[in-house]
Amino acid sequence: MTLAIVVGAQWGDEGKGKPIEILAQQADLIVAWVSGSNAGRAMVIDGERIVLSLVPGPFLRAGKDCLLAQGAALDPIVLLRELDLLGTTSGKMLVDQRAHVVLPHHVEIDRLRNEIEGASGVPRTGIGPCYADKISRRGVQVGDLLVPQRLDEKVRGALDAAAPVLKALGGAALDAGPIVADLGACGERLRSLIVDGSALVDRLGREGKRVVVEAPFGTMVDMDAGTYPFVVGGTCVAGGASAGVGVAPRAIGPVIGVAKAYTTRVGPGPFPTELFGDLAKKLQQAGGELGPTTGRPRRCGMFDVPAVRYAARINGFDSLVLTKLDVLSGMDEVPVCVGYHLDGQLRDEPPYDGLSRVEPLWEKLPGWSVPLKGIGTFEDLPENAQRYIRTIEQTVGIPISMVGVGPDRGETITLRDPWTKR
Ligand code: GDP
């Protein structure tokens with residue numbers, strides 16, 4: 001079995017999309033265990049621009065099968081709407097029977113909470129409330145869409161439990177009848193796409209096929225391993241693939257970490273290498289570091305070796321992909337944080353306590369002025385850019401397989417085959 005997992009090594013937004021595209025070219029199936037993480041792209045089809053939030057359109061159009069695995073939560077109405085927009089594709093959008101269904105009250109709870117908290121720009125996908133119902137054992141699974149009586153009972157149970165929550169938020173209880181009817185119709189349309197994803201991945205593996213799995217967000221916002229409470233409500237580390245897809249831990253690998261050549265973070269929480277002022281603005285502009293829905297600039301900082309070293313240890317990276325190296329062109333000096341000072345001690349990984357108080361230990365490397373666009377080999381990179389790459393490789397302790405020097409897929413320098421295990 002070759003099951004490559006692509007994992008964010010920082011706080012998310014590392015640019016996982018491009019390495020996944022490159023790996024997908026040589027794979028038979030592309031899998032996500034959190035919905036929409038490799039979608040969310042605008043596409044132009046027959047001259048018309050469509051925006052997809054859930055369905056990875058480019059892969060399906062390229063003839064690749066995609067799977068939303070058992071750990072995913074998805075809104076079947078949104079899924080079908082996007083498949084209709086996309087039209088006929090040679091790749092199939094498969095959904096695991098165990099994945100959870102986002103119901104109308106989940107979306108309504110998100111909407112009402114957004115209104116109350118004034119959290120504009122937060123996606124109202126209903127995914128959070130859907131996972132809350134899953135954990136409370138009153139979730140509806142994709143497989144339930146095919147069994148009318150079970151669907152009816154489960155939807156009514158979930159709506160009864162949600163009624164007081166909706167009321168407390170100033171909303172109204174929802175009527176089960178039309179919801180059950182809509183979901184039943186969705187089930188019928190999706191029937192041929194609903195699969196046992198765990199068995200499918202296992203079969204492909206035994207046939208010697210290649211599978212690519214995208215872990216969501218990044219290690220430092222993982223619910224367990226990240227900087228709690230500034231985390232997302234799910235598992236973002238390589239180990240999550242075992243439960244989220246339904247594969248044995250021994251089947252996983254290579255594990256490919258993705259890190260930006262600098263660091264960004266969205267939202268509050270400790271950020272040891274954060275920059276302020278002109279340099280932060282330069283990175284925000286050169287790197288296009290704006291939130292896609294809010295348009296707010298992301299917090300930017302220099303490369304944080306202890307954070308990526310920690311990510312490398314807990315994920316077991318076989319190699320690291322360094323993205324957006326081109327963004328650093330034009331800096332006289334490129335400081336890299338190689339350790340943290342905390343209470344008179346030198347730390348080589350983020351501490352559980354005190355990450356907001358650490359002082360970075362900087363290694364100041366000389367910068368390079370030439371733009372990197374169009375450079376195709378390591379040897380053709382400016383000497384100082386080569387030195388930067390080697391310093392990160394040595395201090396993190398993981399070989400670098402690919403380096404991004406521009407947004408296009410072709411603007412990638414390969415140093416070693418990312419399918420190789422260490
Ligand atoms: P994800 O959230 O980790 O999946 O990040 P995305 O794949 O959405 O990448 C975010 C943006 O970074 C996209 O607009 C990419 O085109 C861009 N990007 C990715 N790699 C590079 C790179 O090496 N250089 C530059 N300049 N942009 C890149």
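Remember, it's 1-based here, ligands and their atoms both numbered in the order they're listed. Keep in mind that what you see is a predicted model, and the values were worked out from it rather than measured.
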Considering the heavy atoms of [X], write down every atom of ligand 1 situated less than 4.0 Å from one of them.
X: Lys324; answer: 12 (O), 17 (C), 18 (N), 21 (C), 22 (C), 23 (O), 24 (N), 25 (C), 27 (N), 28 (C)
X: Gly17; answer: 4 (O), 7 (O)
X: Gly404; answer: 23 (O)
X: Val405; answer: 23 (O)
X: Asp326; answer: 22 (C), 23 (O), 24 (N), 25 (C), 26 (N)

message: Just to check, does Gly406 reach to within less than 4.0 Å of ligand 1 when the distance is taken from its heavy atoms?
response: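 Per 4.0 Å heavy-atom rule, Gly406 contacts ligand 1.
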
So is there a nitrogen or oxygen of [X] less than 3.5 Å from a nitrogen or oxygen in ligand 1?
X: Glu14; answer: yes
X: Gly15; answer: yes
X: Glu411; answer: no
X: Leu325; answer: no

field: Spacing of Ile20 atom CD1 and Glu214 atom CD [to the nearest 0.5 Å]
entry: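 Atom-to-atom, Ile20:CD1 and Glu214:CD are 3.5 Å apart.
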
message: Tell me whether Glu393 contacts the main-chain N or O of Pro399 through its side chain, where contact means a donor paired with an acceptor under 3.5 Å.
response: no

task: Apply side-chain contact (heavy atoms from CB on, under 4.5 Å) to the pair Asp353 and Leu342, showing each step before the final yes or no.
output: CA-CA 10 Å; Asp353 238 346; Leu342 179 65; over 6 Å; no

task: Report the relative orientation of the aromatic rings in Tyr388 and Phe303; use parallel for angles under 30°, tilted for 30 to 60°, perpendicular for over 60°.
output: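 Tyr388 vs Phe303 ring planes: perpendicular.
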
Under the ring pair (Phe, Tyr, Trp, His ring centres under 6.0 Å) test, residues paired with Tyr340 that sit two or more places apart: none

field: Set of side chain to side chain donor-acceptor pair (under 3.5 Å) partners for Thr412, sequence neighbours left out
entry: Lys18

Heavy-atom pair of closest approach, residues Arg416 and Asp318: NH2-O, 3.9 Å

